[in-house]
Amino acid sequence: MCGIVGYLGFRNATEILINGLKRLEYRGYDSAGIALILDNKLKIYKCKGKVADLENLIKYKNTISTIGIGHTRWATHGEPNDINAHPHQSMKGYFSIIHNGIIENYIELRTFLQEKDYKFIGETDTEILANFFEYVYLKNKTSNENYSPEDAIRACLQKVDGAYGLVILCKDTPNQLIAARKSSPLVIGSAKKEYFIASDASCLVEYTDRVIYLDDNDIAIINNRGLTITDLENNVHNPIFDKIEVKLEEIEKAGFDHYMLKEIFEQPTSIHNTFRGRLNLKDKSITLGGLQEIFPELVKAKRIIIIACGTSWHAGLVGEYLFEELARIPTEVEYASEFRYRNPIIFEDDIILAISQSGETADTLAAIKLAKKSGAKVIGICNVVGSSIARETIAGVYTHAGAEIGVASTKAFTSQITILTMMALSIGLSKKTISKEQFDDILIGISEVPNKIEEFFKTQTDNIKEISEKIYNKKNSIYLGRGYLYPVAMEGALKLKEISYIHAEGYPAAEMKHGPIALIDEEMPVVVIAPKENSYDKIVSNIQEVKARHGIIIAIVTKGEKNLKNVADYIIEIPETEAQLLPLISVIPLQLLAYYIATKLGKNVDQPRNLAKSVTVE
Ligand code: G6P
């Protein structure tokens with residue numbers, strides 16, 4: 001949430017900031033701004049709207065500088081408008097700051113500053129922080145001329161509660177950037193005589209592949225002498241350099257109209273990348289390197305608790321079915337935000353599994369910290385390499401789905417499920433809760449999924465587009481599935497809600513008669529996932545119940561299935577696969593259906609209203 005960029009070097013900072021903000025726009029897009037040092041003075045340009053609006057604003061302005069900071073906002077405190085947009089400047093003009101996160105004790109700080117005659121023009125917590133820095137800096141500077149802006153920032157941040165990724169400019173140190181992090185991601189990229197700061201490493205790939213991920217309570221000072229990292233007590237830390245794995249092609253649209261569409265169509269490759277090097281067809285084995293050490297404990301686990309949010313939570317639900325069926329481990333799936341606030345019962349021999357595409361979701365991160373305090377072993381499935389969740393967990397597996405930029409998650413979901421399936425298979429084989437034959441069948445099945453999805457795209461994409469043109473103007477939708485496909489039904493409904501703003505509900509098909517059936521009439525599309533490998537007869541009965549109430553039936557069936565042709569209004573055929581692998585294939589038509597409905601309605605699918613890709617506030 002909120003994208004942050006900073007630059008210090010020899011090139012035109014404005015170009016680098018705008019470029020970075022465009023790449024980070026998926027994190028928030030309600031207002032944008034930059035601050036530069038021009039003639040040793042701080043200059044801010046900012047406005048409500050997208051980065052393109054900011055570009056228009058600065059078109060004919062003097063913006064040539066070699067140092068600057070930029071921000072694209074997802075509003076927390078204060079509505080999106082020009083004043084609440086970042087960067088924020090302190091009252092006397094000494095500090096300009098950008099911020100991702102929430103300052104929780106902002107009321108206390110504001111009251112304190114108001115007593116010192118500070119005035120505020122906007123409603124953000126960030127403006128208060130800028131003024132707090134200024135107040136402490138100027139107050140100490142009068143008695144100690146060596147007192148530096150970074151001294152003030154360290155002193156202030158010791159008194160600040162909440163989450164922050166901050167980049168700060170001070171007019172007294174015009175060749176210096178200061179960055180600080182607590183619970184919101186910040187990464188520093190380094191190249192020859194240049195430094196970049198960003199909330200996400202993927203926007204730095206075109207400039208450098210050498211990065212440092214800041215830790216909580218780190219303060220980075222970047223100036224002509226180079227980079228120094230200290231903690232809040234001013235102890236110096238040695239920077240640890242990592243290499244960015246993301247490639248530039250991954251963050252481009254590659255000819256697609258939207259990132260979301262590109263990412264949907266990338267799934268044959270992203271799923272393949274997830275199992276590549278891990279699933280060995282020759283000797284029919286699975287190796288998950290990141291779990292090797294913890295594997296004996298996974299096999300012994302009395303319970304797995306999966307914590308996640310959004311689409312990752314839906315992947316977790318599929319994981320529950322997989323772990324219980326294949327590995328016979330009782331599994332619970334929790335919304336991270338609920339788990340952390342209800343004093344959960346965690347035993348030492350529980351395994352907590354956090355699932356997150358971004359690896360930065362604040363609720364998931366906080367739930368991990370809570371679980372760790374109880375002595376539980378916390379492992380992770382993450383997509384973003386080097387992310388906070390990846391670093392907070394004791395072991396884990398990267399999904400290697402590649403950068404996912406569309407706000408509505410697609411390829412990360414199928415990669416998460418691929419990992420969960422491989423985990424459940426490995427544990428199941430080791431525990432002998434599945435036979436080697438079943439293990440081999442599902443393993444071969446996984447390897448065939450990419451080709452099956454390719455085939456599906458070739459034969460069904462136009463069909464799905466046509467269906468979307470028939471139902472795009474309906475106000476509601478119901479999605480039904482059973483067993484492994486119940487979480488998929490929920491995921492399909494979530495996709496539609498997120499990008500088309502049509503109300504949709506995902507339900508276990510048999511539960512329909514306990515409520516949602518009352519909603520069904522000739523205006524209600526009902527998407528039923530009904531492949532023959534999964535409680536087929538039962539779901540056919542559910543379809544008949546919808547039919548009897550004149551609902552519009554869109555049935556997702558196994559290729560070649562004939563029985564439902566006369567019952568359903570629309571048929572989407574998916575290739576045959578093992579029952580446990582159906583989520584991987586059956587979610588794809590739902591992603592496409594949501595995409596085509598939303599584009600038909602003229603919605604911005606990559607940047608849906610009110611949403612953000614990486615939710616770094618609680
Ligand atoms: C946001 C995104 C969703 C995502 C969820 C969890 O709501 O818009 O697409 O599923 O966060 O994110 P995570 O990065 O933890 O998987």
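Nothing here was measured: the structure is a model prediction, and the numbers come from that model. Values below: every heavy atom of this structure, side chains too, minus hydrogens, waters and symmetry copies. Note that ligands are numbered from 1 as they come in the structure, with each ligand's atoms numbered from 1 the same way.
- Tyr26 does not carry Lys613 over the face of its six-membered ring by the limits of under 6.0 Å from the centre and within 45° of the normal.
- With ligand atoms numbered from 1 in the order given, ligand 1 contributes 13 (P), 14 (O), 15 (O), 16 (O) to contacts under 4.0 Å with heavy atoms of Gln357.
- Under a 4.0 Å N-O distance rule, the pair Asp216/Lys369 qualifies as a salt bridge.
- Looking at Val407, Asn383, Thr311, Leu494, it is Thr311 that brings a heavy atom closest to atom 10 (O) of ligand 1.
- Short contacts between ligand 1 and Ser409, defined as distances under 4.0 Å to a heavy atom of the residue, involve ligand atoms 9 (O).
- A salt bridge is absent between Glu360 and Arg27: the closest approach of a Lys/Arg side-chain nitrogen to an acidic carboxylate oxygen does not fall below 4.0 angstrom.
- Atom 5 (C) of ligand 1 has Cys309 O, 4.0 Å as its closest protein atom, hydrogens excluded (heavy atom only).
- Close contacts between ligand 1 and Ser356 involve ligand atoms 13 (P), 14 (O), 15 (O), 16 (O) [criterion: under 4.0 Å to a heavy atom].
- In summary, the atoms of ligand 1 found under 4.0 Å from a heavy atom of Lys613, numbered by their order in the structure, are 1 (C), 2 (C), 11 (O).
- A salt bridge links Arg303 and Glu332; the closest N-O separation between the charged side-chain nitrogens and carboxylate oxygens is under 4.0 Å.
- Atom 16 (O) of ligand 1 has its closest protein heavy atom at Ser312 OG, 2.5 Å.
- Among all non-hydrogen protein atoms, the one lying nearest atom 12 (O) of ligand 1 is Thr361 OG1, 3.3 Å.
- Each of Glu491, Glu498, Glu404, Gln357 was compared with Ser409 under the side-chain hydrogen bond (donor to acceptor under 3.5 Å, both in side chains) criterion, and only Glu404 meets it.
- Neither side chain, Gln580 nor Thr421, offers a donor N or O lying under 3.5 Å from an acceptor on the other.
- At the shortest separation from atom 7 (O) of ligand 1 among protein heavy atoms lies Val615 CG2, 3.9 Å.
- Between Arg23 and Asp200, none of the side-chain N atoms (NZ, or NE/NH1/NH2) sits under 4.0 Å from a carboxylate O, so this pair counts as no salt bridge.
- Residue-to-ligand polar distances keep Ile355 apart from ligand 1: every N/O pair is separated by 3.5 Å or more.
- The 12-atom threshold is exceeded at NZ of Lys603, counting heavy atoms of other residues, nucleotides or ligands nearer than 6.0 Å.
- Of all protein heavy atoms, the one lying nearest to atom 8 (O) of ligand 1 is Ala612 O, 3.0 Å.
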